[in-house]
Amino acid sequence: MSEFDIAIVGGGLVGASLAVRLKRSALKVVLIEAAAPPLSLPSWDERCIALNDASQRILASFGVWDALRPDAEAILATHISEKGRFGSTRFDAAEAGLDALGYNVPLRAIGAALSAAMTQAANLRLIQPARVVALTEEADAVSLGIDDGSNLRARLVIAADGAQSSVRALLGIAAVTRDYQQHAIVSAVRLSRPHQGVAYERFTPDGPMALIPKPDDAASLVWTVPSEDVESMMVLSDDGYREAAQQVFGGRLGRFTALGARRSWPLARVVSETLTAPRCVLIGNAAQSLHPVAAQGFNLGLRDVANLAERVATAADPGDGRLLDDYAASRRSDRERVAGFTDLLVRAFSNRTPGLAQARHWGLVAASLTPPIRDALLRQHLGHLGLPADAAGVSP
Ligand SMILES: Cc1cc2nc3c(=O)[nH]c(=O)nc-3n(C[C@H](O)[C@H](O)[C@H](O)COP(=O)(O)OP(=O)(O)OC[C@H]3O[C@@H](n4cnc5c(N)ncnc54)[C@H](O)[C@@H]3O)c2cc1C
């Protein structure tokens, strides 16, 4: 049996980021990932993820940002509006004293940068494809069973195995699930007018639509629709879907001139009831999986990574119960605020109740005109609330 200080279960964006961060420590780390490495090539319509300013700083402090920058499109402003109403609000990078509010980066590029960084690490073993199927608590370690019949032991198990976390289930930790009865359809569009780095969030009673800038005046289009409509929208012709999306978005960016491949995801909020068990901790989507409306999921997961890594990297015993309790307590407000805000956005805007329409309107006006509200929203948007001290010079 192999012995490790830390076993990370799940090598998605969150688990792989943590593995890269821990290669700077003296800890012996193993990462177990169920899927074979993806093979994808650059394309104009490849799937992207919007990173906020805090995530950019965290990835820079992990040493991977330089590899991502050539593929990243800067988000210079965010414009938020509601279809059929005049209220809107806009946040600009200049107002925050920054070059960019964040960056839209291809998942392929993040995956490639993290994989390259992992292969350079002497203290890291990667077991892939392999699935963790059993977990046994011991006095000073946790034993993990892998689906090839092998076992390993670690002083700390970090579950980064996604919304349907099998480690969470093996530990008997419950999660509260809210099915939004919505799907996100993700594609890319080419625009007839330059986007000038502006990201758009447009709310409709059926669900929000986001347009996030990509290079060469294309944009990632994330359209949230009621689940009962998703099948019929996925079988629409490209022209039919493009026209339908254009109707909802309007003409701010001219015409959508081409549409990329479409993929759809069912949307649910899954929040773990607790983050820790003896010598185990949950992070990323295994801890909280959110609606993509505010593009917060990976951004929040990366703050889990940065905060946890800061604590375990120099600990005498990374699985120490007090250390894990302190970590969980330190993450409470960031998690609750982001999960609560995201849920509020979905429920307040995907709703036809007349009184709520007025409240939404005044909410957008307040976000535009009331400095303390504006400042709090901007800091949340940037991810600065919840950023650990060692992630590059932002006062939390
Ligand atoms: C449509 C959409 C758009 C989004 N856009 C954004 C955005 O713009 N910005 C943002 O911040 N977030 C966004 N998100 C959220 C973001 O994608 C997730 O928060 C993030 O990918 C979660 O990463 P993770 O590593 O925690 O989980 P996952 O990506 O689910 O990774 C879990 C990994 O664990 C592995 N695994 C599972 N079980 C086992 C096991 N038993 N043994 C070993 N390995 C296992 C899986 O193979 C997988 O690789 C979006 C989400 C959606 C659905």
Side-chain angles (χ1 to χ4, degrees), residues 7-19 30-38 47-56 58-59 73 75 78 102-107 110-111 114-115 126-135 144-148 152 157-171 180 182-187 199 201 207-214 220-225 262-270 272 282-305 338-339 342 381 383:
I8 304 170
V9 183
L13 291 178
V14 168
S17 300
L18 178 63
V30 61
L31 174 71
I32 308 126
E33 165 55 42
R47 201 183 145 205
C48 289
I49 197 143
L51 302 178
N52 61 22
D53 179 67
S55 293
Q56 185 272 328
I58 290 171
L59 290 170
E73 184 70 7
I75 301 169
T78 302
Y103 294 85
N104 201 23
V105 186
L107 279 174
I110 307 182
L114 293 173
S115 294
L126 181 59
I127 306 181
Q128 179 182 34
R131 181 173 285 278
V132 169
V133 290
L135 183 151
L144 293 179
I146 314 289
D147 60 356
D148 64 2
L152 58 86
V157 169
I158 302 177
D161 53 348
Q164 304 309 323
S165 169
S166 41
V167 171
R168 192 177 64 215
L170 289 166
L171 290 169
Y180 287 113
Q182 291 180 331
H183 274 64
I185 304 179
V186 179
S187 61
E201 186 77 62
M209 173 182 278
L211 232 83
I212 306 160
K214 285 171 73 107
S220 307
L221 173 65
V222 184
W223 190 358
T224 304
V225 300
R262 271 168 272 168
R263 282 187 63 190
S264 71
W265 277 264
L267 301 181
R269 175 189 201 256
V270 185
S272 177
L282 311 179
I283 60 170
N285 271 25
Q288 66 275 319
S289 173
L290 309 178
H291 193 292
V293 60
Q296 294 282 345
F298 178 51
N299 288 308
L300 184 60
L302 206 46
R303 298 203 291 280
D304 290 347
V305 167
V338 174
T342 302
H381 194 49

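Sequence positions, counted from 1, serve as the residue numbers for this chain. Note that the structure is a prediction, hence the values are computed from the model and not measured. Each ligand, and each atom within it, is numbered from 1 in the order the structure gives.
Those atoms of ligand 1 that come under 4.0 Å of a heavy atom in Q296, given as number and element, are 11 (O). Near G284, the atoms of ligand 1 lying under 4.0 angstrom from a non-hydrogen atom of the residue are 26 (O). Annotation for ligand 1: atoms under 4.0 Å from non-hydrogen atoms of I32 are 43 (C), 44 (N). Per-residue contacts place A295 under 4.0 angstrom from the following atoms of ligand 1 (heavy atoms of the residue considered): 7 (C), 8 (O), 9 (N), 10 (C), 11 (O). Atoms of ligand 1 lying under 4.0 Å from any heavy atom of G12, numbered from 1 in the order shown and given with element: 25 (O), 31 (O), 33 (C), 49 (O). Set against the non-hydrogen atoms of V186, the atoms of ligand 1 under 4.0 Å away are 1 (C).
Residue-level proximity to ligand 1 for Q164 is absent, since no heavy atom of it falls below 4.0 angstrom. With a heavy-atom cut-off of 4.0 Å, A130 touches ligand 1 through its backbone alone. Residue contacts with ligand 1, taken as heavy atom pairs separated by less than 4.0 Å, involve V9 solely via side-chain atoms from C-beta onward.
One finds the OG atom of S272 at 12.0 Å from the CG atom of N285 (value rounded to the nearest 0.5 Å). The line from CG of L267 to NE2 of H183 is 7.5 Å long, rounded to the nearest 0.5 Å. Between the CD1 atom in I127 and the CD1 atom in I146 there is a gap of 5.5 Å [rounded to 0.5 Å]. Going from atom CG of L302 over to atom CG of L59 covers 5.0 Å, rounded to the nearest 0.5 Å. Annotation: the span from T224 atom OG1 to Q182 atom CD amounts to 6.0 Å, rounded to 0.5 Å. Rounding to the nearest 0.5 Å places CG of L13 at 7.0 Å from CG of L114.
Across all non-hydrogen atoms, the minimal contact from Q128 to E33 is NE2-CG, 3.4 Å. Between P129 and A35, the closest heavy-atom pair is CB-C, 4.0 Å. A pairwise comparison of heavy atoms in L170 and V133 identifies CD2-O, 3.8 Å as the closest pair. Here the closest non-hydrogen pair linking V293 and E201 is O-OE1, 2.7 Å.
In terms of the salt bridge (Lys or Arg N to Asp or Glu O under 4.0 Å) criterion, D161 has no residue partners (sequence neighbours excluded). Residues satisfying the side chain to side chain donor-acceptor pair (under 3.5 Å) criterion with R303, sequence neighbours excluded, are D334.
Closest to atom 42 (N) of ligand 1, if we only count protein heavy atoms, is V132 N, 3.0 Å. Ranking protein heavy atoms by distance to atom 21 (O) of ligand 1, first place goes to L13 CD1, 3.8 Å. Of the protein's non-hydrogen atoms, the one nearest atom 20 (C) of ligand 1 is N285 OD1, 4.0 Å. Considering only non-hydrogen protein atoms, atom 13 (C) of ligand 1 sits nearest to I49 CD1, 3.7 Å. Counting only heavy atoms of the protein, atom 36 (N) of ligand 1 lies nearest to D161 CB, 3.8 Å.
Between E33, Q128, R47, it is R47 that holds the heavy atom closest to atom 50 (C) of ligand 1. The closest non-hydrogen atom to atom 30 (O) of ligand 1, taken over C48, G11, G162, comes from G162. The option with the heavy atom closest to atom 8 (O) of ligand 1, from among A50, A35, A134, G297, is A50.
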Take L152 and V30 through the side chain to side chain contact (heavy atoms under 4.5 Å, CB included) test and state the conclusion after the steps. CA-CA 9 Å; L152 58 86; V30 61; 4.2 Å; yes

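Heavy atoms of H183 stay at 4.0 angstrom or farther from ligand 1. Using 4.0 Å as the threshold, A160 has a heavy atom nearer than that to some atom of ligand 1.
The shortest N/O to N/O separation between V14 and ligand 1 falls below 3.5 Å. At least one N or O atom of A34, backbone or side chain, sits closer than 3.5 Å to an N or O atom of ligand 1. Ligand 1 has no N or O atom lying under 3.5 Å from any N or O atom of I283, backbone or side chain. Considering backbone and side-chain N/O of S166, one or more are found under 3.5 Å from N/O of ligand 1. The shortest N or O to N or O distance between F298 and ligand 1 is under 3.5 Å.
Between the side chain of R168 and the backbone N or O of A286, at least one donor-acceptor pair lies under 3.5 Å.
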